[in-house]
There are 4 protein chains.
Amino acid sequence: MPRQARAEATVDAIFEATIQLLTRAGADSLTTTRVAERAGVSVGTLYQYFPNKQALIYALNERYLEALAKRIEATCSAQAGQTAPNMLKTLIDTYWQAKTERPEVTRALYRSVADLDNSALIETFARRVDTATTAMFASACDADFADLASVNLTLVTVIFGTVRNAFERGLDSGDAEKLQGQLHLMCDAYLKALDRSSIAQTL
Amino acid sequence: MPRQARAEATVDAIFEATIQLLTRAGADSLTTTRVAERAGVSVGTLYQYFPNKQALIYALNERYLEALAKRIEATCSAQAGQTAPNMLKTLIDTYWQAKTERPEVTRALYRSVADLDNSALIETFARRVDTATTAMFASACDADFADLASVNLTLVTVIFGTVRNAFERGLDSGDAEKLQGQLHLMCDAYLKALDRSSIAQTL
Amino acid sequence: MPRQARAEATVDAIFEATIQLLTRAGADSLTTTRVAERAGVSVGTLYQYFPNKQALIYALNERYLEALAKRIEATCSAQAGQTAPNMLKTLIDTYWQAKTERPEVTRALYRSVADLDNSALIETFARRVDTATTAMFASACDADFADLASVNLTLVTVIFGTVRNAFERGLDSGDAEKLQGQLHLMCDAYLKALDRSSIAQTL
Amino acid sequence: MPRQARAEATVDAIFEATIQLLTRAGADSLTTTRVAERAGVSVGTLYQYFPNKQALIYALNERYLEALAKRIEATCSAQAGQTAPNMLKTLIDTYWQAKTERPEVTRALYRSVADLDNSALIETFARRVDTATTAMFASACDADFADLASVNLTLVTVIFGTVRNAFERGLDSGDAEKLQGQLHLMCDAYLKALDRSSIAQTL
DNA sequence: TATGAATGAGGCTTCATTCAT
DNA sequence: CATGAATGAAGCCTCATTCAT
């Protein structure tokens with residue numbers, strides 16, 4: 001147990017140090033020596049846990065996406081059986097919150113990814129999220145989607161994309177809040193439009 | 001003028017070489033020597049045109065965003081006086097097309113930006129686009145927006161964000177097309193919803 | 001005794017692992033950790049038996065040379081009182097066989113010696129061999145050497161040197177066999193020439 | 001010309017520095033930084049001429065063997081048409097001299113080779129030498145070899161091997177001289193023995 | 001003005017060795 | 001006695017940048 005625990009603590013410290021360096025100074029100042037130093041371990045130790053620098057960055061992103069996916073899955077479970085607008089609202093707010101609560105971390109991770117083949121990571125994340133949100137939307141008490149897959153893809157892509165773009169633009173909090181509101185509105189409108197078109201198809 | 005022309009050709013060659021390297025092998029293989037080599041000039045010459053490597057990447061992105069902004073501005077001018085749905089459709093398709101027609105270049109530039117303070121670039125780009133799209137929407141023959149700034153911000157952020165996210169997910173062309181259609185639908189629905197709510201407010 | 005036995009087994013395992021690594025991958029992949037791993041013990045244990053890496057390699061060579069010396073001594077004892085040509089033949093064949101029967105091991109040891117001050121080892125080995133061969137040649141029933149020391153040095157150096165050089169050239173087995181035959185011939189001729197010159201001197 | 005000349009001077013300096021380090025301190029103190037330092041250039045420059053450390057050592061050995069091969073070829077040409085014993089004497093003395101005149105260099109190169117796949121080098125060298133010595137022996141005015149290839153291989157292997165072994169044993173100059181004399185004797189005796197056996201075959 | 005050899009700081013990584021458990 | 005995680009000095013190599021030609 002002490003072994004296991006210590007190892008975990010070490011890895012945590014390394015991750016934390018990585019994020020700190022990434023936020024403080026930018027991706028190019030991220031050296032393995034510096035990470036180890038700030039984490040309070042020797043470089044050798046770092047290399048005992050990560051075979052190389054890329055693996056460290058990869059693992060960091062993996063861990064972040066893992067946490068984010070869990071959070072979204074929790075949100076989706078909690079919303080099972082609710083109305084679609086409620087679901088949307090919760091999904092938007094959760095994701096927005098997640099990306100915004102530690103903006104430097106978010107930015108740091110976006111940057112760290114630059115020289116990394118993270119497509120596998122992204123795909124895994126996307127699949128998990130898609131599964132969760134699809135299940136949620138399927139359980140909506142007030143809607144029945146003709147093409148759930150398509151609707152789900154659209155909503156997820158729009159919401160996630162919008163949040164990222166809002167983030168990158170560096171909107172001030174006023175604009176951000178307004179935008180968040182408008183996004184709610186837009187997604188709701190989309191659902192209603194779908195409803196109408198599906199009724200039209202049914203008739 | 002021959003001097004001018006030669007210089008321009010050199011700079012073009014350097015940019016092209018940069019993109020090629022970025023495309024072929026990833027950001028970490030982008031060395032000034034390699035860029036110069038592929039551009040058919042010496043490193044010294046490269047440094048005659050760019051004070052350092054960052055400046056080169058910065059200029060490359062600047063040039064790309066400049067072209068993209070011009071394209072969007074042209075689209076907006078061309079759509080002046082049209083119906084809002086038409087405007088939306090054109091805007092979405094233009095942006096989507098621009099990001100998709102040379103996907104490796106798009107990806108390369110996304111990556112190149114990693115260790116660059118490109119916020120000024122982004123801001124300039126955003127301002128130009130906002131001006132153009134705002135003017136366009138203001139000229140719509142079938143709509144009159146109560147809070148044009150807000151609507152504009154929303155649409156631009158949603159559209160650009162969605163396209164980027166779609167791009168990053170690596171959607172296959174079928175899904176991409178579906179998504180593009182749904183995005184049209186969603187934006188239209190948003191406009192209609194605005195209309196109704198504005199009427200409601202007016203009453 | 002169980003203690004003793006276990007220790008010996010461990011040391012054997014370490015030696016074996018060392019040779020395997022040396023054989024498989026070349027001297028630069030020979031790390032203490034890797035040796036321990038392959039030997040099925042921990043690095044700590046390895047350091048219980050050898051104060052440092054050099055000592056391990058030194059001991060390995062020592063052991064090899066010890067075995068080789070023993071083998072040569074045995075051959076020499078067995079040949080006591082025989083004819084000189086028989087002695088030569090046996091000496092050549094024994095040494096050739098010893099270096100050839102596990103060529104990768106031979107090569108591995110040659111390589112391992114690179115950054116080692118093995119002159120003491122070599123000298124000890126040389127002295128033992130010289131003693132044994134000198135005694136053997138002195139007992140030849142058909143010869144009486146005027147300058148036994150000189151003859152012995154010559155024969156031993158020529159034989160050992162030739163075998164090593166043949167080994168390094170990577171001769172195919174056909175050439176190797178031919179060469180071995182010629183070496184017999186040459187050594188015999190040498191003895192006869194000595195004989196004649198010694199008779200000449202006597203007259 | 002100045003460019004070419006400077007480059008050559010630089011490479012020479014690097015080689016010289018490498019040999020110095022190799023002789024002074026042993027193979028494991030041979031670091032690229034140290035080589036560059038002693039050669040009076042920067043590491044970067046070293047790496048402009050040699051892609052990595054191994055390549056440097058390889059090139060050093062290549063150059064040494066090239067020079068040695070040339071020297072042997074010259075000796076062989078000079079001896080064309082002479083008597084076989086003269087040839088032998090010259091060959092032995094040349095090789096002995098070459099290996100002995102700068103013993104630290106010889107030793108250093110023997111060691112440097114440890115973690116290098118120099119089989120190609122050795123083979124090339126062997127082929128060149130074999131060609132030269134074969135031609136020489138074929139031209140002997142007093143001998144006609146039934147199996148020239150075999151005789152040549154034997155003589156070359158014996159001579160080169162003996163010299164190396166003598167070298168490694170660290171013989172004092174008295175013993176060395178004696179041994180050299182005995183080697184002459186032995187080789188001559190070998191030739192005579194061949195002669196007799198060939199006559200025997202002819203009869 | 002173009003060239004490209006030279007520079008050298010600094011990054012990544014390995015591995016012999018130690019020592020707390 | 002054995003273990004193996006931790007250490008950190010030190011090696012190899014890259015690459016942005018300069019400057020003599």
Side-chain angles (χ1 to χ4, degrees), chain A residues 1-4 6-7 9-11 28-37 39-56, chain B residues 3 6-7 10 28-37 39-57, chain C residues 3 6-7 10 28-37 39-57, chain D residues 1-4 6-7 9-11 28-37 39-56:
Chain A
M1 295 117 272
R3 184 146 302 169
Q4 195 83 1
R6 184 129 72 95
T10 302
V11 169
D28 51 346
S29 82
L30 189 80
T31 75
T32 51
T33 311
R34 222 127 47 191
V35 168
E37 203 174 311
V41 298
S42 70
V43 226
T45 300
L46 188 155
Y47 276 89
Q48 206 122 44
Y49 292 101
F50 303 97
N52 52 49
K53 193 184 166 190
Q54 282 225 12
L56 166 62
Chain B
R3 182 155 306 174
R6 185 134 68 93
T10 301
D28 50 343
S29 81
L30 190 79
T31 72
T32 50
T33 309
R34 220 121 54 185
V35 168
E37 200 174 306
V41 299
S42 70
V43 224
T45 301
L46 188 155
Y47 275 86
Q48 210 105 45
Y49 292 100
F50 303 96
N52 54 48
K53 193 185 167 187
Q54 283 227 10
L56 165 62
I57 299 176
Chain C
R3 183 156 303 174
R6 185 133 67 93
T10 301
D28 50 343
S29 83
L30 188 80
T31 73
T32 50
T33 310
R34 219 123 51 189
V35 168
E37 199 174 307
V41 299
S42 70
V43 225
T45 300
L46 188 155
Y47 275 86
Q48 211 103 46
Y49 292 99
F50 302 96
N52 53 49
K53 192 185 168 188
Q54 283 226 10
L56 164 62
I57 299 176
Chain D
M1 292 122 275
R3 183 146 304 170
Q4 196 82 2
R6 184 128 73 95
T10 301
V11 168
D28 52 345
S29 82
L30 189 80
T31 74
T32 51
T33 312
R34 222 125 49 190
V35 169
E37 203 173 308
V41 299
S42 69
V43 225
T45 300
L46 189 156
Y47 277 90
Q48 206 123 43
Y49 291 102
F50 303 97
N52 52 50
K53 192 186 165 188
Q54 282 225 12
L56 166 63

Next item on the list: Output yes when at least one side-chain N/O atom of A/Thr45 is less than 4.0 Å from OP1 or OP2 of F/dA5, else no.
Entry: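 Checking F/dA5 against A/Thr45, no side-chain N or O comes under 4.0 Å of OP1 or OP2.
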
Check: Below 4.0 angstrom from OP1 or OP2 of E/dT3, is there any side-chain N or O of B/Ser42?
Finding: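 Checking E/dT3 against B/Ser42, a side-chain N or O does come within under 4.0 Å of OP1 or OP2.
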
Expressed in angstrom and rounded to an integer, what is the separation of [X] atom [atom1] from [N] atom [atom2]?
X: C/Gln48; N: F/dT3; atom1: CD; atom2: P; result: 9 Å
X: D/Glu37; N: E/dA9; atom1: CD; atom2: P; result: 12 Å
X: A/Leu46; N: E/dT14; atom1: CG; atom2: C1'; result: 13 Å
X: A/Phe50; N: E/dT13; atom1: CZ; atom2: P; result: 13 Å

Margin query: Can you tell me which residue among D/Thr32, D/Val11, D/Val35 is in a side-chain contact (heavy atoms from CB on, under 4.5 Å) with D/Leu56?
Written below: D/Val35

Margin query: What does the 5'-to-3' dot-bracket notation of DNA chain E look like when only Watson-Crick and G-U wobble pairs under 3.5 Å count, and pairs to other strands show as |?
Written below: .||||||||||||||||||||

Check: Which of these nucleotides, E/dA6, F/dT3, F/dT7, is closest to any side-chain atom of C/Val41?
Finding: F/dT3

Next item on the list: Could you encode protein contacts along nucleotides 11-18 of chain F as a string, one character per nucleotide from 5' to 3', using B for base contact, S for sugar-phosphate-only contact and - for no contact, with a heavy-atom cut-off of under 4.0 Å?
Entry: SSBBSBBB

Margin query: Restricting to ring pair (Phe, Tyr, Trp, His ring centres under 6.0 Å), what partner residues turn up for D/Phe50, sequence neighbours left out?
Written below: D/Phe15

Next item on the list: Heavy atoms only: give me the nearest D/Leu46-D/Ala36 pair and the separation to one decimal.
Entry: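 It is CD1-N, 4.0 Å.
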
Check: How close do D/Thr10 and D/Tyr49 get, heavy atom to heavy atom, and via which atoms?
Finding: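 That would be CG2-CE1, 3.7 Å.
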
Check: Can you tell me how far CD of B/Glu37 sits from OG1 of B/Thr33, rounded to the nearest 0.5 angstrom?
Finding: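 Going from the OG1 atom of B/Thr33 to the CD atom of B/Glu37 covers 8.0 Å.
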
Notebook entry, point to check: At what distance, to the nearest 0.5 angstrom, does CG of D/Leu30 lie from NZ of D/Lys53?
Noted result: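 Those atoms lie 5.0 Å apart.
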
